[in-house]
Amino acid sequence: MDAAARARLIRALAGTVIAHADELTGLDQAIGDGDHGLNMKRGFETVLAEADTLAAQPLPAMLAGIGKTLVMRVGGASGPLYGTLFLTLGKTLPEESGMADAAPALEAAVAAVKARGKSDAGQKTMLDVLVPVLEELKAGGEGLPARLAATAHAAAEATVPMRAVRGRASFLGERSVGHMDPGARSSALMVEAVVTWLEEQA
Ligand code: ADP
Ligand code: MG
């Protein structure tokens, strides 16, 4: 993977988050404080501005760099959590990484998010997308990229009937039911962007 491919990955991730900022904000208006889109947009605009410098580094360093920027720029609950996700991916992936390294790296990253958020799947958060995507990735096999995208999309949809027990939405209790979790949606968007990018590499 060369610097141009890494730069395309950054643009794909940042592009989708920025393009969907209003939608993410709308979701957070329903069950949170309405800043998730703005938080994520601010973070990924900085990532985008640093794209060439970040992409000049090997993949692990690039991912760690994205994580640092997200910690500093996103804020809210999601900034440290997404920061932890990318930082841990960067720390875990070997310098010369291939598809076989993706599952162990995501496993470590999801574990780090759980530890940081004192949370797990089933609580109506980003983990309700990240955990099923990790499980699908570990399963491997035929048509994996498309399955990962479908899993991410369906998992975000599946947060609609859930009751939030972590994060700001948990303050609403039963009233959090009936809305998609904003962090689940942003996670799904990022997974879909990575998959599209992966398919374009082939
Ligand atoms: P804030 O809740 O501080 O306003 P954001 O609106 O940016 O932050 O992000 C909210 C999202 O963060 C939620 O939709 C949820 O997916 C995720 N989130 C919040 N708390 C946790 C947690 N403890 N563990 C995992 N994800 C969480
Ligand atoms: Mg919020």
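The analysis underlying the following values was restricted to heavy atoms, covering all of them including side chains, and did not include hydrogens, waters or symmetry mates. Owing to the predicted nature of the structure, the values given are computational and were not obtained by experimental measurement. Numbers here are sequence positions counted from 1.
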Taking [Y]'s backbone N and O only, do any of them form a donor-acceptor pair with [X]'s side chain (distance below 3.5 Å, no angle check)?
X: Arg166; Y: Gln123; answer: no
X: Tyr82; Y: Val71; answer: no
X: Asp128; Y: Thr159; answer: no
X: Arg168; Y: Ile31; answer: no
X: Ser187; Y: Gly183; answer: yes
X: Thr88; Y: Ala109; answer: no

Residue from Asp120, Thr125, Leu127 passing side-chain contact (heavy atoms from CB on, under 4.5 Å) with Val113: Leu127
Identify which one of Met40, Glu45, Lys41 satisfies the side-chain contact (heavy atoms from CB on, under 4.5 Å) criterion when paired with Val17. Met40
Validation: residues 142-149 side-chain donor-acceptor distances under 3.5 Å, sequence neighbours left out:
| residue | atom | partner | partner atom | Å |
| --- | --- | --- | --- | --- |
| Arg147 | NE | Glu136 | OE2 | 2.8 |
| Arg147 | NH1 | Gly140 | O | 3.1 |
| Arg147 | NH1 | Glu142 | O | 2.5 |
| Arg147 | NH2 | Glu136 | OE2 | 3.0 |
| Arg147 | NH2 | Gly140 | O | 2.8 |

Check whether [X] and [Y] end up in the same hydrophobic cluster, where Ile, Leu, Val, Met, Phe, Trp and Tyr are linked by side-chain heavy atoms less than 4.5 Å apart.
X: Leu13; Y: Leu189; value: no
X: Val129; Y: Trp197; value: yes
X: Leu59; Y: Val195; value: yes
X: Val131; Y: Met162; value: no
X: Met62; Y: Met99; value: yes

Between Lys124 and Asp181 (salt bridge meaning N to carboxylate O under 4.0 Å), is one present in this structure? no
Would Asp52 and Arg6 pass as an ion pair if we require N to O under 4.0 Å? no
For [X] and [Y], which heavy atoms make the closest approach, and how far apart are they?
X: Val74; Y: Gly43; value: CG2-CA, 3.7 Å
X: Leu63; Y: Leu93; value: CD1-CD1, 3.5 Å
X: Ala7; Y: Ala55; value: N-CB, 3.5 Å

Inter-residue atom distance Leu38.CG - Asp33.CG, 0.5 Å rounding: 10.5 Å
So for atom CG, which belongs to Asp22, do other residues, nucleotides or ligands contribute more than 12 heavy atoms lying within a distance under 6.0 Å? no
Please check if the number of heavy atoms outside Lys68 that lie under 6.0 Å from its NZ is greater than 12. no
Step by step, work out the side-chain contact (heavy atoms from CB on, under 4.5 Å) result for Phe86 and Lys91. CA-CA 9 Å; Phe86 280 90; Lys91 264 194 268 176; over 6 Å; no
Would you tabulate the side-chain donor-acceptor contacts of residues 172-179 under 3.5 Å, counting partners in other chains and residues two or more places apart, or write 'none'?
| residue | atom | partner | partner atom | Å |
| --- | --- | --- | --- | --- |
| Glu174 | OE2 | Arg163 | NE | 3.1 |
| Ser176 | OG | Ala164 | N | 2.9 |
| Ser176 | OG | Gly173 | O | 2.7 |

Could you give me the CA-CA distance, side-chain angles and deciding distance for Asn39 and Leu24, then say whether side-chain contact (heavy atoms from CB on, under 4.5 Å) is met? CA-CA 10 Å; Asn39 289 346; Leu24 295 172; over 6 Å; no
Given side-chain contact (heavy atoms from CB on, under 4.5 Å), test Arg185 with His153 step by step and report yes or no. CA-CA 8 Å; Arg185 177 64 177 145; His153 190 85; 4.1 Å; yes
One pair to check against side-chain contact (heavy atoms from CB on, under 4.5 Å): Val133 and Leu106. What are the steps and the verdict? CA-CA 9 Å; Val133 166; Leu106 188 62; 4.2 Å; yes
Looking only at side-chain N and O atoms, does [Y] offer a donor or acceptor that is under 3.5 Å from a partner on [X]?
X: Glu50; Y: Thr69; answer: yes
X: Ser186; Y: His36; answer: yes
X: Thr46; Y: Arg73; answer: yes

